[in-house]
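Have a look at the structure below, then the notes.
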Protein chains: 2
Amino acid sequence: MSSPQRRTTIKDVAELAGVGVATVSRVLSGGSASAETRERVLDAATKLDYRPSALGRNLRQQRSGGIALLVPDITDNFYARLADGVLSCARSYGEPVTIGVTGDDPEQEADLVGSLLEQSMDRVVAVPSGDGEMWAPALRAGLSVVFADRRVWRAPGQQRVLAEVPAVLADDRAGVRTAVEYLTGLGHRKIGFLARHGQSHRMQAFRDAVGDALDEELVVPARASRDSAYAAAAGLLQRRPDVTAVLTGDNMLGEAAVLAARELDVRIPRDLSLVMFDDVPWAELCAPPLTVVAQPAQDIGYRAAELVMRQGRRPRTVTLPTQLIVRGSCGPRR
Amino acid sequence: MSSPQRRTTIKDVAELAGVGVATVSRVLSGGSASAETRERVLDAATKLDYRPSALGRNLRQQRSGGIALLVPDITDNFYARLADGVLSCARSYGEPVTIGVTGDDPEQEADLVGSLLEQSMDRVVAVPSGDGEMWAPALRAGLSVVFADRRVWRAPGQQRVLAEVPAVLADDRAGVRTAVEYLTGLGHRKIGFLARHGQSHRMQAFRDAVGDALDEELVVPARASRDSAYAAAAGLLQRRPDVTAVLTGDNMLGEAAVLAARELDVRIPRDLSLVMFDDVPWAELCAPPLTVVAQPAQDIGYRAAELVMRQGRRPRTVTLPTQLIVRGSCGPRR
DNA sequence: ACTGCTCATGGAAACGATTCCATCAAAGTT
DNA sequence: AACTTTGATGGAATCGTTTCCATGAGCAGT
């Protein structure tokens with residue numbers, strides 16, 4: 001019936017305004033033009049309801065706009081909030097956001113980076129997994145990357161280029177220290193720490209915080225799945241009934257710890273004190289309400305997105321404060 | 001130092017293989033070619049590590065690949081799982097996913113749809129808010145849309161085009177009915193229902209399920225924010241101390257109900273029975289563990305993405321089953 | 001041997017924007 | 001008056017791919 005709805009292009013606008021396409025382009029992207037021409041062009045554009053096609057622009061400038069975001073798991077409330085921050089910043093720039101989930105797996109991450117290159121996306125906010133070696137070629141290819149929540153494991157021979165990637169992080173070190181001090185203040189001496197592989201920095205911070213009292217057996221790593229988290233938590237509690245307090249590196253491990261304790265009939269906070277990294281909405285609904293180290297997840301995302309948009313200023317690493325929120329999951333050692 | 005790293009193009013491959021660019025394109029996209037040429041081209045492509053630029057392709061085909069996903073709130077666990085489903089399906093097609101959050105606001109949604117058009121994205125999975133009028137022009141512009149979790153409010157004079165949009169839904173009606181039957185089975189007669197504006201279909205299902213016993217004052221709507229949810233929950237409990245059971249239309253309202261009850265010293269399940277729509281991980285950690293109507297969120301996303309990818313078959317609406325999971329938040333009326 | 005057919009192939013057009021460059025007029029400088 | 005400078009302007013090139021179309025080779029049927 002109706003014609004196939006050809007898109008109105010810059011050519012149509014130029015024709016209606018009686019000018020060349022170059023002039024239209026200039027006017028619309030803020031170049032110089034006489035007041036009269038400008039008005040004619042703007043008029044024509046609104047009359048035709050013209051919206052420039054991102055496709056043409058992208059091809060010409062050899063880059064597609066928008067921000068790519070790589071997170072380990074979008075169903076994790078922490079990363080969801082981080083994503084929300086990125087989305088909210090991107091929206092203020094009018095840029096679309098493409099999301100990929102890595103599952104904390106370097107291989108999948110490399111795949112996704114490949115796909116970004118294919119799309120000529122050149123702005124990425126990423127929560128890196130693994131040692132980040134796959135990032136080096138991408139950086140050389142002109143990608144501008146900002147790390148969020150973690151930076152890459154810095155091996156001794158690591159390429160310099162990686163060290164220069166800006167990052168927006170929560171102050172893990174201070175967060176862990178505060179939590180540990182809080183627990184030792186309550187009399188606890190045998191404190192366990194549950195962390196995922198991606199959280200080696202928190203693991204290290206924990207080791208530093210407990211200092212001489214460190215018992216390496218109490219620092220237990222988990223893979224990035226619910227099952228693995230539960231296994232790690234239950235394993236620790238069974239293997240070492242002498243631990244009186246546990247700190248977890250993220251909310252999934254916190255959940256696992258609560259479940260495992262409940263299953264093993266270990267009462268919180270009577271038999272076990274628990275501090276969880278990241279304040280999720282349910283922490284308050286839990287029985288008992290959980291004492292947590294809150295992180296500004298949304299802020300982390302927002303700031304990271306801001307950094308990746310302003311490539312002008314040489315960006316540096318930003319560290320945002322954490323906060324210990326005391327609820328009901330910790331008690332004195334008994 | 002090193003050259004500015006020009007991207008290797010199809011031309012380079014053609015040159016190295018000693019054929020024309022058209023042939024390279026055909027080979028790479030599965031067109032016909034002699035076995036020998038095919039091999040030469042493939043060889044050259046791998047030797048040069050050639051990856052076709054999505055930019056060129058997109059411009060030529062007048063559409064950028066990928067799937068767009070519009071959800072009200074990515075930090076809501078339900079939509080996060082839905083998004084995860086979409087992402088997982090999209091990945092199996094090798095397609096990138098662009099996410100936008102609408103905040104359940106038709107205006108923001110319209111903005112986002114506009115931005116999609118600008119990007120020439122033509123495949124959208126959306127959780128629509130409002131009456132969906134802004135979708136009609138988009139559909140006419142050739143967008144293929146699949147609704148997830150909800151369909152649009154169907155006003156009497158609604159355009160036919162909207163009624164033909166395929167949708168993937170949870171079986172709300174059955175879920176609500178099962179929950180209501182469960183509660184009445186426990187002796188409850190005054191059952192409250194908390195729902196967000198976007199959940200009018202569940203609201204209607206609730207009205208139908210309680211039938212004659214309907215007390216319109218017990219059906220209370222909330223806006224899409226934590227505060228509004230809390231206000232609605234607290235309001236209901238204060239205004240009508242005679243309600244002995246509450247069903248909530250989503251998890252945020254469930255959270256609000258728990259909090260409000262706790263604040264008002266209404267004990268669950270002794271004084272109030274609570275059933276929440278959507279089984280989130282924390283439902284089990286809550287005190288008491290919440291009885292829920294579980295929805296296959298990830299599946300909904302996956303199937304919706306599948307539908308939007310296969311535009312070949314005329315797609316129809318899919319309804320996925322819900323399941324009542326009884327935990328500890330309901331008791332007999334006292 | 002001629003005709004008709006299929007099939008592989010490459011040149012060139014197309015997609016829609018930005019941007020280089022040449023042109024031209026008007027204003028300013030000597 | 002002759003020159004330079006400035007600024008607006010439009011034509012054309014460009015980005016990398018897909019696809020239309022013409023060409024020519026090979027082959028079978030008569």
Side-chain angles (χ1 to χ4, degrees), chain A residues 4-42 44-45 48-66 94 115 117-122 141-142, chain B residues 4-42 44-45 48-66 94 115 117-122 141-142:
Chain A
Q5 279 270 93
R6 205 179 56 80
R7 200 191 167 100
T8 74
T9 75
I10 200 175
K11 222 170 158 184
D12 302 322
V13 180
E15 208 162 323
L16 179 59
V19 300
V21 290
T23 304
V24 177
S25 175
R26 266 188 301 257
V27 168
L28 261 35
S29 45
S32 66
S34 77
E36 196 227 332
T37 334
R38 158 162 289 120
E39 198 188 347
R40 277 225 311 285
V41 168
L42 258 29
L48 294 178
D49 188 31
Y50 169 69
R51 314 203 48 175
S53 151
L55 261 37
R57 178 183 8 242
N58 290 349
L59 177 57
R60 173 62 222 236
Q61 344 210 82
Q62 298 278 70
R63 61 204 291 285
S64 49
S115 141
L117 289 221
E118 197 161 327
Q119 305 285 330
S120 301
M121 308 223 69
D122 60 352
Chain B
Q5 276 273 88
R6 204 181 56 81
R7 201 191 166 100
T8 73
T9 76
I10 200 175
K11 221 169 158 184
D12 302 321
V13 178
E15 206 162 323
L16 180 58
V19 299
V21 290
T23 305
V24 176
S25 175
R26 266 188 300 258
V27 168
L28 259 35
S29 45
S32 67
S34 76
E36 197 226 332
T37 327
R38 158 162 289 120
E39 197 187 349
R40 276 226 311 284
V41 169
L42 259 28
L48 293 178
D49 188 32
Y50 168 68
R51 313 205 48 177
S53 151
L55 261 38
R57 180 189 358 247
N58 290 348
L59 177 57
R60 172 63 222 234
Q61 348 211 73
Q62 297 278 71
R63 65 206 287 285
S64 50
S115 142
L117 289 224
E118 198 161 325
Q119 304 286 329
S120 301
M121 308 223 67
D122 60 352

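Below, each value reflects all heavy atoms present in this structure, side chains not excepted, and no hydrogens, waters or symmetry copies. Because the structure is predicted, anything quoted here is derived from the model rather than measured. Note on naming: letters A, B, ... go to the chains in the order of the sequence lines (proteins, then strands), and numbering restarts at 1 for each one.
- Look at CG on Leu117(A): it is 16 Å from C1' on dG16(D), rounded to the nearest Å.
- Without hydrogens or angle criteria, Asn58(B) side chain to Leu55(B) main chain gives no donor-acceptor distance under 3.5 Å.
- The minimum heavy-atom distance linking Asp49(B) with Thr8(B) is given by the pair O-OG1, 4.3 Å.
- When the shell of 6.0 Å around CD of Glu39(B) is examined, it contains 12 or fewer heavy atoms from other residues, nucleotides or ligands.
- Nucleotide dC15(D) holds its P atom 20 Å from the CD atom of Glu118(A), rounded to whole Å.
- The nearest pair of heavy atoms linking Tyr50(A) to Leu28(A) is CE2-CD2, 3.4 Å.
- In plain terms, the two heavy atoms of Ser120(A) and Arg7(B) that are nearest each other are OG-NH1, 3.6 Å.
- Considering every non-hydrogen atom in both Thr37(B) and Thr23(B), the closest pair reads CG2-CG2, 3.8 Å.
- With sequence neighbours left out, the side chain to side chain donor-acceptor pair (under 3.5 Å) criterion links Gln119(A) to no other residue.
- Checked by atom type and distance alone, the side chain of Ser29(A) pairs as donor or acceptor with a backbone atom of Ser25(A) at under 3.5 Å.
- Pairs of residues two or more places apart, or lying in two chains, that qualify as salt bridge (charged side-chain N to carboxylate O under 4.0 Å, His left out) and include a residue from residues 50-59 of chain B are Glu118(A)-Arg51(B).
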Return a single string for nucleotides 15-22 of chain C, one symbol per nucleotide in 5' to 3' order, where B is base contact, S is sugar-phosphate-only contact and - is none, cutoff 4.0 angstrom on heavy atoms. BBBBB---
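- Residues meeting the salt bridge (charged side-chain N to carboxylate O under 4.0 Å, His left out) test with Arg40(B), sequence neighbours left out: Glu36(B).
- Straight-line distance from the CZ atom of Arg40(A) to the P atom of dT9(D): 8 Å, rounded to whole Å.
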Listing time: all N or O pairs from protein to nucleotides 22-24 of chain D that are below 3.5 Å?
none

Identify all pairs in which a protein N or O lies below 3.5 Å from an N or O of nucleotides 5-8 of chain C, and state each distance.
unit_1: dA8(C); atom_1: OP2; unit_2: Ser32(B); atom_2: OG; d: 3.0

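- When the P atom of dT17(D) is taken as reference, atom CZ of Arg63(B) falls 18 Å away, rounded to whole Å.
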